[in-house]
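A short worksheet on the structure shown next.
Reminder, nothing fancy here: chain letters follow the sequence lines and each chain counts from 1.
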Amino acid sequence: MKKLMNDPEQIVTGFLEGLVAANREQLQRLEDTDVITRRVLKPQKVGIVSGGGSGHEPAHAGYVGAGMLDAAVAGEVFTSPGADQFLSAIQAVDQGEGVLLLVKNYNGDVMNVEMAQEMAEAEGISTEMVIINDDVAVSDVKQRRGIAGTVLVQKITGALAETGASLKEVKRVAEKTVNQTRSMSVALTPCTLPAVGQPSFDLADEEMEVGIGIHGERGVDRREVVTSEEIAKLLLDHILEEIPEQMPLALLVNGMGSTPLIEQYVLANDTIKQLEKKDRDVQHAFVGEYMTSLDMAGISLTLLALDEELSGYLQAPVQTVQWKQ
Amino acid sequence: MKKLMNDPEQIVTGFLEGLVAANREQLQRLEDTDVITRRVLKPQKVGIVSGGGSGHEPAHAGYVGAGMLDAAVAGEVFTSPGADQFLSAIQAVDQGEGVLLLVKNYNGDVMNVEMAQEMAEAEGISTEMVIINDDVAVSDVKQRRGIAGTVLVQKITGALAETGASLKEVKRVAEKTVNQTRSMSVALTPCTLPAVGQPSFDLADEEMEVGIGIHGERGVDRREVVTSEEIAKLLLDHILEEIPEQMPLALLVNGMGSTPLIEQYVLANDTIKQLEKKDRDVQHAFVGEYMTSLDMAGISLTLLALDEELSGYLQAPVQTVQWKQ
Amino acid sequence: MNVEQAKQWLRQTSARLSEHKDELSTLDHALGDGDHGVNMHRGFQAVVEGLDEWEDLSLSSLMQKVGSTLVSKVGGAAGPLYGTAFMRMGAAWKGIEQVNGSAWSEGLSKAVEGIAQRGKTSTGDGTLLDVWSPVAEAFTEGEPSWDNIESAAYKGMEATEEMVVKKGRGALLGEQSVGHIDPGAVSSYYLFQELANTMKAGEQ
Amino acid sequence: MNVEQAKQWLRQTSARLSEHKDELSTLDHALGDGDHGVNMHRGFQAVVEGLDEWEDLSLSSLMQKVGSTLVSKVGGAAGPLYGTAFMRMGAAWKGIEQVNGSAWSEGLSKAVEGIAQRGKTSTGDGTLLDVWSPVAEAFTEGEPSWDNIESAAYKGMEATEEMVVKKGRGALLGEQSVGHIDPGAVSSYYLFQELANTMKAGEQ
Ligand SMILES: Nc1ncnc2c1ncn2[C@@H]1O[C@H](COP(=O)(O)OP(=O)(O)O)[C@@H](O)[C@H]1O
Ligand SMILES: Nc1ncnc2c1ncn2[C@@H]1O[C@H](COP(=O)(O)OP(=O)(O)O)[C@@H](O)[C@H]1O
Ligand SMILES: [Mg+2]
Ligand SMILES: [Mg+2]
Ligand SMILES: [Mg+2]
Ligand SMILES: [Mg+2]
């Protein structure tokens, strides 16, 4: 394992410090926490907080800024941050209008956020949680993980909150977005945890792992590596099953951490072509590293079924480190 | 070798098609070429063209748009595009004000651009070329390669051209930027050409290659992998030798293709800390994949010595696929 | 159990978990994401570091402090679960400086309630609750039999091997989760074994 | 050489380069970026594909067409160099349908001039010019001796092994470039060997 790092235990700290050092006018780190917030909050606005284990950079701290998150909470690599950290974030961004927590569907994240909500409630802060579970690779819907689709929910919810909408309204739109978002992934290589130094699973030279999550866990199927065209088809077949026909789409092609952009766009090309062949209208396409899994090579596809409301918030301006438009 | 691709010979085409498909309102591909241009040119403006071999994505097509390039010319992987392609780009973006070509210092690129300039001249189009050679790893200054610093030259030059400046003026500022930009890189792994399937060099598990270029060529020194702090120091020591004292700086921390963002920011953190310890004023810091070398793991550091003029154009708005601000 | 014994228990547990760090992570590699050992080690190390600072706390406050430290430092799923368990014990032992007889059973059943609520889980789901729940039942009204308690923990842990995991990352595996002991059950077993060891040492 | 012989020459060169594709790339791996074989193969394949379309061209126009095709399809450094060489030969042979005696030497020395200008290089820099230049000199005023020409090409190619490369990617290696034959010199040798083969076959 070769990584640009110092002490493996300090990799999250290094990331957070680096992010703030490179973006001082925009971001700050709350003292004694791994919480990143906007340096200046927009007044009288519902706070939008997300977070979870690290290793998914730029998620989530890279999405803190006008039009998206107010705060991001970073845990150890692949480990949910404790409730106390979520509470610090809630306290920091609440302006009396309440706080919405956008949480990927992992047991640990949900439990820590629920605890934080209870503590916040005791302080008179109203909070709501919306759980994101876009990964169709998991058949049991209750167990479905939140993966790259998360960033689309964050984008849309953040844009709405920026308009001064109420906590209730923001929650409604976040849930609607979750309901209309589906993703699935494929890995060409496993990832290696900095503190462990061993790949999270073994994969032969000609194999790929289908239906992986973002924590180095094994997928649902292993098979020979196929072409980009075939990977696009494989993932789309699963995802489209759960996307209403006719509705226009937003597409997110997400690199898992060490897949070069040239390959991401090759896959994007095949995906868009296949969607157009099926007469699907791809209104927006995003390609890049949005939700990674350390140094995993691979890709996820996300489709979001759009209506005018969601499309509008998706197109709204955003000024974060990693997503600007 | 596992890559998301179809026919390895078609990877550049797949990239260009994907880029345009995902950004239809903004970009177009000139028919029968591998030239990407803005869909709508800003009238009465000097055209800014860059290009070179592929494998460095998002460079250069990802930088076509308002405030940066008018056209980008893509060759085969690591191979300069032919003069005819540069000519097509020149013809497409010339509006009577002339065209500036920003070229990384490679023999093939320079020769092809010179041929294209001669052909353009025969058609009455005035052109100028500025050669970028920021890589301090090469001691012979004439042989110095253009690497990640190229994108800072493109950003600044593009911003100036957007104001309606003359070809002469745009060339002056481009050259000034080149003179004040220095970079150096380190690789943790080699890259693998899609059509070759073999790593461009061998590197043992605990080794890194110092002073590599962006074409998979071997570097100037091979040694044991060290910490991010030590890598930052090693590269800065070389680069700072050629950066005037006192002047404020722009820093670019550039991932080489398969280095995760978390690691890029760890290195950014160490770099900024060390610069601040030396009382250097880091006015702007950019972190991400700006100029890659296929799937190479590694990083380059670039410093640009700023004056007010350059700082202004660096901060100016830009709307390309990959760089928006 | 008095405050000093509680601290002794926590110190021994921390040492035990650190010894078994890799074992726990390996178990978690099969069912989850391979970090349970690292998480528990980090959390209990923070507890032990805290013990010196928390010198003058009551037993109840100490348990609360341990709970919130575990939430904060273990993180993941185990953090809120262990944390809630300790906080609930702390709440149950308000004003009690020496845990005896019914206080044990009261404290443990509150802890079990807390885990079940927090984890939205019940026994048989193949989690650490399958250790905590039989342990709580093994505390009867009278003075605890530490051998019984230890063996209840052991059996509970062993039983998770045959269960289809219903909660946590292991649940993603469905039927394929059968055949693996739950890492949280194992760390809980170590916790209770060290409790028994501490208390038995005190009895001598 | 008439148009038909020129076409024959190009076809044979293309076949030869495609046979030696990997060898040329391997040579380029040592001094450059390992793609010279791929580049030349791609370029000459495009030339051969073009030959059928360019049926009615004069020899001069054919050479120009070959040149621009090589610029476009070889790309890299070799593209503009080979391309310029062919375009300059085409220009020198304007109105000539059969290259003989002084036309050979005129065409080749224009090609050498073109390469030197385009590459800002001179003989001894360890590039393909070190083949083209002695070949041009081997064309005297009279009818060419194809054996002399072939051996001039061969010697020029061999000589690059001992040179410190001054131009192109190999120049980055400085002194370490000594001991490697220049790939562009090798592809040029094949080109001239096939020219000799073609012309000698025509003489019989
Ligand atoms: N919902 C739940 N209810 C009860 N126990 C759970 C639940 N989810 C997880 N666990 C316990 O937590 C353990 C995993 O802890 P750990 O690996 O530290 O956290 P994570 O799963 O976040 O990586 C499991 O072995 C299981 O015993
Ligand atoms: N400036 C130059 N002058 C003459 N020949 C050159 C020059 N630069 C490169 N060459 C020739 O080109 C060959 C390399 O061609 P190729 O590998 O196809 O291009 P690239 O270097 O762009 O990858 C070298 O072996 C050398 O013979
Ligand atoms: Mg975990
Ligand atoms: Mg090349
Ligand atoms: Mg775990
Ligand atoms: Mg080459």
Task: Contact class of Val38(D) relative to chain B, heavy atoms under 4.5 angstrom - done: neither
Open item on the list: Out of Gly34(D), Ala78(D), Pro80(D), Gly75(D), return the one with the most heavy atom pairs under 4.5 angstrom to chain B.
Closed with: Pro80(D)
TODO: Apply ring pair (Phe, Tyr, Trp, His ring centres under 6.0 Å) to Phe86(B) and list each qualifying residue two or more places apart in sequence or on a separate chain.
DONE: none
- [ ] Mind ranking Gly82(B), Ala83(B), Ala195(B) by heavy-atom pairs under 4.5 Å with chain D and telling me who comes out on top?
- [x] Gly82(B)
Hey, what donor-acceptor pairs show up under 3.5 Å between chain D and chain B?
| from | atom 1 | to | atom 2 | distance (Å) |
| --- | --- | --- | --- | --- |
| His29(D) | NE2 | Ser200(B) | O | 3.2 |
| Asp35(D) | OD2 | Thr79(B) | OG1 | 3.0 |
| Ser72(D) | OG | Asp84(B) | OD2 | 2.7 |
| Gly76(D) | N | Ser80(B) | O | 2.8 |
| Gly76(D) | O | Asn112(B) | ND2 | 2.9 |
| Arg118(D) | NH1 | Glu118(B) | OE2 | 3.1 |
| Arg118(D) | NH2 | Glu118(B) | OE1 | 2.7 |
| Arg118(D) | NH2 | Glu118(B) | OE2 | 3.2 |
| Lys120(D) | NZ | Glu114(B) | OE1 | 3.0 |
| Lys120(D) | NZ | Glu114(B) | OE2 | 2.6 |
| Lys166(D) | O | Gln143(B) | NE2 | 3.4 |

Open item on the list: A quick test of your reading: do over 12 heavy atoms of other residues, nucleotides or ligands sit less than 6.0 Å from OH of Tyr154(D)?
Closed with: no
TODO: Check whether Leu70(D) gets within reach of chain B through its side chain, its backbone, both or neither, counting any heavy atom under 4.5 Å.
DONE: neither
Task: Region of Val110(B) that comes under 4.5 Å of a non-hydrogen atom in chain D - done: side chain
Task: With sequence neighbours excluded, residues passing salt bridge (charged side-chain N to carboxylate O under 4.0 Å, His left out) with Glu137(D) - done: none
Task: Among the listed options Gly83(D), Ala77(D), Gly32(D), the residue most often paired with chain B at heavy-atom distances under 4.5 Å - done: Ala77(D)
Open item on the list: Which residues pass the ring pair (Phe, Tyr, Trp, His ring centres under 6.0 Å) test with Trp9(D), not counting sequence neighbours?
Closed with: Phe86(D)
